There are 2 protein chains.
Amino acid sequence: MTSFQQFVEQAGRPISLAKGDHLFLQGDVDSSAYLVSTGMLKAYYLREDGREHIKSFLPEGSVIGSMVAMLDGEACTFSLVAIEDSEVIALPYRQLAEAAQGDLALANSLVGFLAAYGRRKERREFELLSMSAEDRYANLLAEMPHVAERVSQADLASYTGITPQALSRIKRRNKTR
Amino acid sequence: MTSFQQFVEQAGRPISLAKGDHLFLQGDVDSSAYLVSTGMLKAYYLREDGREHIKSFLPEGSVIGSMVAMLDGEACTFSLVAIEDSEVIALPYRQLAEAAQGDLALANSLVGFLAAYGRRKERREFELLSMSAEDRYANLLAEMPHVAERVSQADLASYTGITPQALSRIKRRNKTR
DNA sequence: ACGTCAAATGAACCTCGGTTAATTACACCG
DNA sequence: CGGTGTAATTAACCGAGGTTCATTTGACGT
């Protein structure tokens, strides 16, 4: 019986990243998942017009990977870059899935991770669909203060789905109240 | 070795729904997943101001359930209603997860489902974050034509994240081009 | 203290979608 | 046929956020 922790120790490959280093770019084929040990990464979509939209911030303890890249072997749908000097551990997904085929505990760890991922995305979907930019920003400050204070205004805006200028306006509106 | 198909047959409870019937309401505690056999459901968020935002359409073959409700026993974050007369099969998630604890094949089926769910939500996140309402509408027509033609304008608009009036404007703009 | 560079703020103008309300189109039924 | 109810369209007005560009702030090195 293998635990996830054991799998990480046996099959994981540690990687050191300086601020600004990419783990993969949108369009790359990379079927690994990554566990963030220290530092912080951001996952973002790059549009043709050059604008970038931040999918998620990944502080210590986060696990990330492109679902379609891991599961279908297709190109990654987003890019992954360190916004602080970071240590991550690469986990080859295919190997993880194969190990899970013959390992009940590992399979159930995987179920737990995927379920947690689904839950996070469900929440994000709600925010993007049903909340205004202003509410999303307030929510970000409330839910992830430790992240918000380590991240630039521009990145906070990009995560919220607006421009830095619009975020600045929101902050001003909030002050005067 | 139990397959998912067998689990559905053994533990599934069939339910008949008339158009307009709810399976559960936002705020209910309901830790079941549902497999849609025939017809179509919609999952939607209801805001305090009364506006509703459609999370997803669920035609035949879809599986749906509130992640937080299934995993944490919390209240459902959205409502689930039939928009056509439908047949669904209720799958008690806790029972499914427990069965998976002792059943490798079932656990891996579960991994497959959760992964597919993650993939769908990842795509939706991209659409909501990086695409305009107009592009999301075009995308909906391209990706799910079979769904789009069975659904009211108001529901298509709600899924796209805009009002029926705005959707009407978009359609007009597209015609004149 | 000064210069430099990037981040953040601010202002002017524009576009898209929301809001409200009226109008048209269409299905169903007496 | 006309009547009724619902879905869809249209119009007029408004506000949030985008775009462009200028200004200010702040961190850092000299």
Side-chain angles (χ1 to χ4, degrees), chain A residues 18-21 40 42 44-54 57 81-85 126-141 145 147-177, chain B residues 18-21 40 42 44-54 57 81-85 127-141 147-177:
Chain A
K19 178 175 176 175
D21 287 351
M40 179 141 53
K42 71 177 178 188
Y44 66 96
Y45 299 112
L46 192 59
R47 301 204 305 194
E48 302 83 21
D49 62 15
R51 291 184 56 183
E52 82 177 41
H53 285 282
I54 294 184
F57 295 113
V81 66
I83 54 177
E84 297 176 1
D85 293 347
F126 172 75
E127 291 172 9
L128 290 170
L129 244 188
S130 296
M131 290 169 68
S132 68
E134 183 158 353
D135 291 342
R136 283 202 297 276
Y137 176 65
N139 193 58
L140 172 55
L141 291 186
V147 170
E149 70 199 9
R150 278 162 67 182
V151 166
S152 76
Q153 208 75 227
D155 278 350
L156 288 181
S158 173
Y159 180 83
T160 307
I162 57 179
T163 59
Q165 291 91 327
L167 181 54
S168 193
R169 269 191 293 234
I170 289 175
K171 287 174 72 177
R172 180 151 40 106
R173 271 202 303 259
N174 287 343
K175 262 181 215 161
T176 58
R177 265 175 219 160
Chain B
K19 179 176 175 173
D21 287 351
M40 177 142 53
K42 70 177 177 188
Y44 65 97
Y45 300 112
L46 192 58
R47 301 204 305 195
E48 303 83 21
D49 64 13
R51 290 182 58 182
E52 82 177 41
H53 284 282
I54 294 184
F57 295 112
V81 66
I83 53 177
E84 298 176 0
D85 294 346
E127 291 173 8
L128 290 170
L129 198 52
S130 298
M131 288 169 69
S132 68
E134 182 157 352
D135 290 342
R136 284 201 297 277
Y137 176 65
N139 194 57
L140 172 55
L141 292 186
V147 170
E149 69 197 10
R150 278 160 68 182
V151 166
S152 75
Q153 208 76 226
D155 278 351
L156 288 181
S158 173
Y159 179 84
T160 308
I162 57 179
T163 59
Q165 292 89 327
L167 180 54
S168 196
R169 269 193 291 237
I170 289 174
K171 287 174 69 177
R172 181 151 40 104
R173 271 204 301 260
N174 288 342
K175 262 181 213 160
T176 57
R177 267 176 217 159

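So that the names make sense, note that chain A is the first sequence line, chain B the second, and so on, each numbered from 1. Source: prediction; values computed, not measured.
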Rounded to whole Å, how long is the line connecting atom [atom1] of [X] with atom [atom2] of [N]?
X       : N       : atom1 : atom2 : result
L156(A) : dT9(C)  : CG    : P     : 11 Å
L128(A) : dG17(D) : CG    : C1'   : 16 Å
E134(A) : dG18(D) : CD    : P     : 13 Å
H53(A)  : dG17(D) : NE2   : P     : 14 Å
R150(B) : dA7(D)  : CZ    : C1'   : 19 Å
I83(A)  : dA7(C)  : CD1   : P     : 13 Å
L167(B) : dA8(D)  : CG    : P     : 9 Å
Q165(A) : dT15(C) : CD    : C1'   : 16 Å

Checklist entry - Among dG17(C), dA8(D), dG17(D), which nucleotide sits nearest the side chain of R173(A)? => result dG17(D)
Item to check | Among dT9(C), dG17(C), dA8(C), the one nearest A154(A) by side-chain distance | outcome: dA8(C)
Under 4.0 Å: is that the gap between some side-chain N or O of [X] and OP1 or OP2 of [N]?
X       : N       : answer
S168(A) : dA8(C)  : no
R51(A)  : dT19(D) : yes
R136(A) : dA16(D) : no
R169(B) : dT10(D) : no
S152(A) : dA7(C)  : no

Checklist entry - Between the base of dT9(C) and the side chain of Q153(A), is there a donor-acceptor distance below 3.5 Å? => result no
Item to check | Shortest non-hydrogen separation from A82(A) to A18(A) and the atoms involved | outcome: CB-O, 3.7 Å
Checklist entry - How far apart are the C-alpha atoms of D49(B) and R47(B), what are their side-chain angles, what is the distance that settles it, and do they pass the salt bridge (Lys or Arg N to Asp or Glu O under 4.0 Å) test? => result CA-CA 5 Å; D49(B) 64 13; R47(B) 301 204 305 195; 3.0 Å; yes
Checklist entry - Mapping K171(A) and I162(B) onto DNA chain C by nearest heavy atom, which one lands closer to the 5' end? => result K171(A)
Item to check | V151(B): which of L156(B), I54(B), L140(B) passes side-chain contact (heavy atoms from CB on, under 4.5 Å) | outcome: L156(B)
Checklist outcome for this item: Between E84(A) and the options R150(A), K19(A), K42(A), the salt bridge (charged side-chain N to carboxylate O under 4.0 Å, His left out) test singles out R150(A)
Next on the checklist: Can a donor-acceptor pair be found, under 3.5 Å and without considering hydrogens, that links the side chain of D155(B) to the backbone of S152(B)?
Outcome noted: no
